[in-house]
Colleague: 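My questions will all concern the structure given below.
In this text, all values refer to a predicted model and were calculated from it rather than measured experimentally.
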Amino acid sequence: MKELEKVYEPARVETPTYDFWTKGGWFKAERDPDKASYTIVMPPPNITGQLHMGHAMDNTWQDILIRFKRMQGYSALWVPGTDHAAIATEARIVATMKEEGVTKEDLGREDFLKRAWQWKDEYGGRIVEQLKKLGSSCDWSRERFTMDEGCSKAVLHVFKKLYDEGLIYRGERIINWCPHCLTSISDAEVEHEEQSGHLWHVKYPIVGEPGKFVTVATTRPETMLGDVAVAVHPEDARYKHLVGKTVLLPLMDREIPVVADDYVDMEFGTGVVKITPAHDPNDFEVGRRHDLPVLKVMTDDAHISESGGKYAGMERYAARKAVVADLEAGEYLDKIEDHGHNVGTCYRCGTTIEPMVSLQWFVKMIPLAGPAIEAVKDGTIKFVPERFTKTYLHWMENTRDWTISRQLWWGHRIPAWYCDSCGEVTVSEGTPTVCAHCGSGVIHQDEDTLDTWFSSALWPFSTLGWPEETEDLAYFYPTNTLVTGYDIIGFWVSRMIFSGLHYTGKAPFDTVLIHGLVRDAEGRKMSKSLGNGIDPLDVISEYGADALRFTLVSGSTPGNDMRFSDEKARSSRNFANKLWNAARFVMMNLPEDFTPGQPEKSALELSDKWVLSVYNKLVGEVTDNIEHFEFGLAVQKIYDFLWDVYCDWTIEIAKTRLNGEDAVGADTARKVLVFLLDGALKLLHPFMPFITEEIYRALPGSAETIMIQAWPKQDAALDFAAEQEAFGEVVNLIRAVRIVRAEMNVHPAKRSHLIIETARPELFKAGEAVIQRLANAEAVELVPAFAGDAAGMVQVATAVARGFIPMMDLIDREKELARLNKELAATEKEIASHSAKLANEGFVSKAPANVVQDIRDKLARAQEKQLRVRESIDALG
RNA sequence: GGAAGCUUAGCUCAGCUGGUAGAGCACCUGCUUGACGUGCAGGGGGUCAGGGAUUCGAGUUCCUUAGCUUCCACCA
């Protein structure tokens with residue numbers, strides 16, 4: 001028999017176990033026509049990334065589902081991969097180049113991309129290796145990358161398709177421009193931040209009416225350089241007469257018209273708005289409606305352009321200062337108010353976004369959003385927890401056209417070619433050599449690349465071979481569960497949904513399981529700048545991957561954030577160690593020739609039937625919990641079963657039997673122990689894969705790996721409801737005896753005689769050995785009615801028995817009396833509560849029969865107990 | 001300006017379809033009991049944020065108030 005070490009050492013076990021799984025090929029999913037498929041695609045981590053707690057959580061949950069389904073007999077596929085992370089990666093590479101004094105432009109596009117690929121080859125695999133440390137049972141043979149050949153092909157195919165359908169267009173629109181990253185970003189990539197600013201009230205002289213002004217309010221005075229009009233509300237009596245007139249733009253000496261537009265809010269500021277179409281999305285719309293020119297006064301790096309007159313070349317905030325100073329000097333400034341407002345910032349670098357008119361590519365969202373909304377509304381796709389449906393729908397219903405072009409090099413280059421002769425655009429999945437419109441050979445490709453989310457939107461099917469009609473796609477698509485955090489519902493989940501529906505005609509998954517954020521022990525978000533991040537790899541090396549995984553699911557519930565603390569990790573580690581030692585005990589007590597198997601029913605003792613019954617119930621509950629994504633509950637129940645039921649009772653009970661003379665009894669005890677351990681290991685395996693595998697393989701008669709063993713099923717042959725209840729009475733008595741012994745400070749080694757007075761001797765007869773051991777009794781005597789001198793006895797009472805312990809010499813009579821009175825009071829309180837309920841007409845007539853009966857039973861038991869406690873008090877007095 | 005979540009034992013959190021509150025950690029008392037002191041036995045500790053409604057019965061459903069957190073939002 002394999003001797004296990006005293007303390008479980010995850011570091012010794014985990015890596016070899018993972019290698020063993022890989023070699024065994026059990027992660028690889030086969031297209032087995034006799035099995036149902038179950039598929040998860042991993043949210044691809046950025047190649048720039050290092051594993052953090054968010055990944056650990058996300059992937060633990062996915063692995064739980066995959067391992068569970070695999071054991072249930074599904075062909076379970078978990079597709080791993082990484083994301084090229086356009087902006088993040090490019091910024092990273094540019095930063096390292098900067099240290100060498102090299103810019104992107106110095107290097108040129110081709111060499112830059114070479115360098116980026118080198119970078120990817122060097123670091124892209126890092127996070128993948130870290131995922132393996134977690135125990136992730138991904139099918140690595142199917143690992144993908146958003147820029148690999150297949151995924152790139154899918155991207156080009158989609159671009160072409162949408163372009164042909166008129167759903168991708170190129171145009172001048174206001175976009176969010178990041179002056180630091182020097183690229184456009186989508187609305188989703190803008191983060192809003194409350195900032196305190198000012199509202200400057202600026203007087204614009206009315207042309208032809210000397211000395212008269214209209215006052216506009218603005219938070220960004222420097223943009224006035226690009227003003228082409230001022231607007232008022234058409235119904236605004238204050239300004240109606242001005243519509244159609246012109247005003248003089250201060251500092252620029254430009255005459256601009258006054259227009260009327262519904263967009264203006266009469267209540268806000270002065271009710272007059274300056275219109276800067278090139279630098280404000282609303283103004284852009286107003287400008288379009290009134291056919292106003294678009295005057296761009298800002299450069300890509302946020303300086304004033306040559307259209308900005310004397311301010312040209314100034315940085316945007318310096319320009320603001322200068323403009324305000326000049327307004328003041330020219331007496332154009334009416335007043336300055338403090339004003340809090342939201343400023344858009346770049347989600348990558350935090351730089352304040354500059355809304356700017358720019359020629360970009362867009363995806364028309366309205367036609368795509370419709371079916372995506374429908375699929376969630378009609379239940380084709382459901383969110384867990386359900387409340388995130390609202391987040392999703394709100395996003396989808398309010399979405400605007402998606403800016404997909406990025407002024408970056410690292411990414412999928414836009415497959416559009418411009419003709420130098422006719423100016424037309426040729427969009428192609430291949431590499432065209434001539435213009436599709438005029439046949440000219442002088443064409444050049446668009447310089448821009450696509451938003452990184454454009455390729456991740458295709459992830460659930462591009463990874464399975466789409467647009468080819470592969471066997472994988474046919475078998476594993478649509479996928480089943482998508483596991484992710486609530487922070488990327490808009491970025492990613494929504495885009496996968498409309499993409500899946502539009503391109504494949506199918507919803508890409510049926511369930512979106514949302515988990516919360518992992519925060520630090522103080523509840524703060526883990527962040528690099530705070531330096532409060534806990535590295536999952538540190539936790540793994542200190543406590544083991546199983547402990548980390550266990551910590552990440554216990555006490556958690558979908559959608560809610562959780563705090564990660566060292567104490568929690570330690571207690572998980574302790575649990576692993578507890579399990580290890582339980583297994584160690586079991587194996588130490590198995591003879592060489594032990595043959596495992598379901599024990600003979602006829603040989604089962606009361607306690608066996610009790611624990612088998614408890615286990616049987618556990619199997620049903622855990623299965624149900626996992627199926628409903630209630631991992632926290634599932635894990636809690638397994639924990640309780642193993643620690644409390646298995647270790648503290650079953651093993652303790654087994655100790656006497658294992659060393660007793662009854663060979664059949666000992667064998668039965670062993671069989672029960674092994675049977676339950678085997679079952680519990682399987683239930684725990686999805687959560688703690690390493691230790692369960694290690695123990696499983698050490699068990700006699702076990703198969704090659706636990707990974708693909710059948711998930712335990714509930715079995716009527718294990719259901720002993722009556723015995724389960726009966727053994728409960730034995731437990732009650734043992735607990736009662738333990739309580740008095742503890743309260744009386746009786747040393748555990750001091751064993752005592754125990755007389756049990758009961759009308760149900762068969763019950764305690766069956767549990768006699770158990771009582772003897774666990775209640776520290778040297779001998780147990782069963783009597784129908786106690787006839788001795790109760791005054792010299794410590795007494796305990798349960799609903800069906802009284803226990804007498806002759807150890808009055810050890811205790812204090814007063815103290816004992818006080819204890820019994822306290823117990824009596826508690827019992828009477830219970831009786832009062834139950835009686836009140838039963839006296840309530842409404843309760844008895846309206847509550848379900850089983851509930852009423854339950855209360856009746858409880859009342860009866862309490863009354864029985866009350867009787868016995870009273871007798872004990874009388875005997876003492 | 002919308003929307004959501006949270007408020008349960010000292011701390012961190014569970015609690016599914018309503019039936020007299022649970023865990024882990026911390027704390028207190030015993031214990032080198034034949035796997036485990038990363039352990040064993042026992043214990044104290046909660047008007048389930050406040051108010052109202054529905055119900056025979058509410059931590060659990062509905063309304064409302066307060067505090068905290070988050071997401072979304074083009075009002076200059």
Side-chain angles (χ1 to χ4, degrees), chain A residues 4 6-8 174 187 192 199 216-220 223 231 263-265 267-270 272-276 280-285 339 341-342 344 355 385 387-388 390-391 394-395 398 400 486-487 489-490 516-517 521 523 525 543 554-557 559-563 565 567-568 570-589 624-625 628 630 632-633 636 639-640 647-648 651-652 655 658-659 735 738-743 745-749 773-774 776 829-830 833-834 836-837 840-848 851-852 854-855 858:
Chain A
L4 305 176
K6 212 170 173 180
V7 169
Y8 175 60
I174 288 275
D187 293 338
H192 296 271
L199 202 53
V216 304
T218 178
T219 55
R220 304 184 55 208
T223 62
Y263 150 70
V264 180
D265 179 356
E267 309 296 317
F268 189 87
T270 59
V272 187
V273 188
K274 58 194 268 316
I275 301 299
T276 323
D280 183 281
N282 300 304
D283 294 6
F284 184 79
E285 295 302 319
H339 180 68
H341 62 139
N342 277 316
R387 72 182 122 99
F388 288 103
K390 232 173 170 171
T391 309
H394 184 263
W395 171 273
N398 294 289
R400 299 198 298 162
Y486 53 71
D487 46 337
I489 291 176
L517 260 43
K525 232 173 175 165
Y543 300 122
S554 55
S556 81
T557 193
N560 283 9
D561 292 354
M562 68 166 303
R563 301 185 189 199
S565 66
E567 290 77 53
K568 283 185 190 170
R570 229 181 303 138
S571 109
S572 302
R573 185 271 319 259
N574 292 354
F575 173 56
N577 191 58
K578 183 73 181 175
L579 171 60
W580 182 257
N581 276 286
R584 194 168 145 248
F585 172 84
V586 170
M587 284 187 269
M588 273 166 44
N589 283 284
D624 190 65
N625 286 145
H628 291 93
E630 296 158 346
L633 288 178
Q636 179 65 244
Y639 180 99
D640 288 344
C647 290
D648 293 342
I651 285 185
E652 290 308 318
K655 282 176 180 171
L658 292 172
N659 297 320
R735 288 225 163 98
R738 281 174 172 177
I739 290 169
V740 285
R741 289 181 57 106
E743 286 190 350
N745 275 331
V746 181
H747 194 281
R773 178 175 177 86
L774 300 185
N776 295 60
K829 198 174 157 194
E830 204 188 329
S833 147
H834 291 147
K837 226 170 202 186
N840 183 335
E841 180 73 28
F843 175 71
V844 180
S845 61
K846 290 185 184 170
V851 174
V852 177
D854 192 46
I855 297 292
K858 280 177 177 166

Colleague: Quote, to the nearest angstrom, the C1' distance that separates B/C6 from B/A49.
Modeller: 11 Å
Colleague: Is A/Pro355 touching bases, backbone alone, or none of the nucleic acid, heavy atoms closer than 4.0 Å?
Modeller: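 Nothing, no heavy atom under 4.0 Å.
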Colleague: Can you check whether A/Phe585 reaches A/Lys655 side chain to side chain, under 4.5 Å on heavy atoms?
Modeller: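 Counting from C-beta outward, A/Phe585 and A/Lys655 do come under 4.5 Å.
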Colleague: Nearest 0.5 angstrom please: A/Ile489 CD1 to A/Lys390 NZ, how far?
Modeller: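 Answer rounded to 0.5 Å: 13.5 Å.
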Colleague: Rounded to the nearest Å, what distance is computed from the OH atom of residue A/Tyr639 to the P atom of nucleotide B/A14?
Modeller: 17 Å
Colleague: Any side-chain donor-acceptor pair under 3.5 Å between A/Lys274 and A/Thr223?
Modeller: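 A pair is found: one side chain offers a donor N or O, the other an acceptor, under 3.5 Å apart.
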Colleague: Taking only side-chain nitrogens and oxygens of A/Lys390, does any of them come within less than 4.0 Å of OP1 or OP2 of B/G5?
Modeller: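 A/Lys390 to B/G5 OP1/OP2: no side-chain N or O under 4.0 Å.
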Colleague: To the nearest Å, how far apart are A/Arg738 CZ and B/A41 P?
Modeller: 6 Å
Colleague: How far, in whole Å, is B/A3 from B/U64 if one measures between their P atoms?
Modeller: 11 Å
Colleague: A/Glu830 near the nucleic acid: base, sugar-phosphate alone, or nothing, with a heavy-atom cut-off under 4.0 Å?
Modeller: base
Colleague: Would you please confirm or rule out a distance under 4.0 Å between OP1 or OP2 of B/G42 and any side-chain N or O of A/His747?
Modeller: no
Colleague: Within less than 4.0 Å of OP1 or OP2 of B/A14, is there a side-chain N or O belonging to A/Asn560?
Modeller: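 Answer is yes, contact under 4.0 Å.
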Colleague: Hey, is the side chain of A/Asn574 poking within less than 4.0 Å of OP1 or OP2 on B/G39, counting only N and O atoms?
Modeller: yes
Colleague: Distance between the P atoms of B/U7 and B/U17, in whole angstroms?
Modeller: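 Approximately 15 Å lies between the P atom of B/U7 and that of B/U17.
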Colleague: Could you state the atom-to-atom distance from CG of A/Asp487 to C1' of B/C71 in whole Å?
Modeller: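 Rounded to the whole Å, the gap is 10 Å.
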Colleague: Hey, what's the ring geometry for A/Tyr486 with A/Phe388, parallel, tilted or perpendicular (30° and 60° as the breaks)?
Modeller: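 Because their plane-to-plane angle is under 30°, the rings of A/Tyr486 and A/Phe388 count as parallel.
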Colleague: Give me the distance, rounded to whole Å, that separates B/G1 from B/A23 when you measure between the P atoms they each carry.
Modeller: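 After rounding to an integer number of Å, I get 44 Å for this pair.
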Colleague: Whole angstroms only, please: what is the CZ-P distance between A/Arg570 and B/G39?
Modeller: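 In whole Å, B/G39 P and A/Arg570 CZ are 11 Å from each other.
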Colleague: Strictly by Watson-Crick or wobble contacts shorter than 3.5 Å, is anything paired with B/U47, and which nucleotide is it?
Modeller: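 Looking at the geometry, B/U47 pairs with no nucleotide.
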Colleague: Separation of A/His339 atom NE2 from B/C75 atom P, in whole Å?
Modeller: 10 Å
Colleague: Please give, in whole Å, the distance from B/G34 C1' to A/Glu652 CD?
Modeller: 10 Å
Colleague: For A/His628 and B/U17, give me the distance from atom NE2 to atom P, rounded to whole Å.
Modeller: 11 Å
Colleague: Expressed as a whole number of Å, how far does the C1' atom of B/U33 sit from that of B/G18?
Modeller: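 Result for the C1' pair: 45 Å, nearest Å.
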Colleague: For B/U70 versus B/A9, give the span between their C1' atoms, rounded off to a whole number of Å.
Modeller: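 That atom pair is separated by 27 Å.
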Colleague: Considering every strand shown, what is the Watson-Crick or G-U wobble mate of B/U29 when both distances are under 3.5 Å?
Modeller: B/A41
Colleague: P atom, B/G2 versus B/U65: distance in rounded Å?
Modeller: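 Approximately 13 Å lies between the P atom of B/G2 and that of B/U65.
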Colleague: OP1, OP2 of B/C71 versus side-chain N and O of A/Lys525: anything below 4.0 Å?
Modeller: yes
Colleague: In whole Å, what separates the P atom of B/C11 from that of B/U54?
Modeller: 35 Å
Colleague: Could you tell me how far apart A/Arg563 (CZ) and B/A23 (P) are, to the nearest whole angstrom?
Modeller: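 Atom CZ in A/Arg563 sits about 21 Å away from atom P in B/A23.
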Colleague: So which nucleotide does B/U7 pair with, by the Watson-Crick or G-U wobble rule with both distances under 3.5 Å?
Modeller: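 B/U7 is paired with B/A66.
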Colleague: Give a yes or no on whether the backbone of A/Thr276 and the side-chain of A/Asp280 come within a donor-acceptor separation of less than 3.5 Å.
Modeller: no
Colleague: Check the phosphate of B/C25 against A/Lys568, side-chain N and O only, distance under 4.0 Å to OP1 or OP2. Yes or no?
Modeller: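 For A/Lys568, the contact criterion (side-chain N or O under 4.0 Å from OP1 or OP2 of B/C25) is not met.
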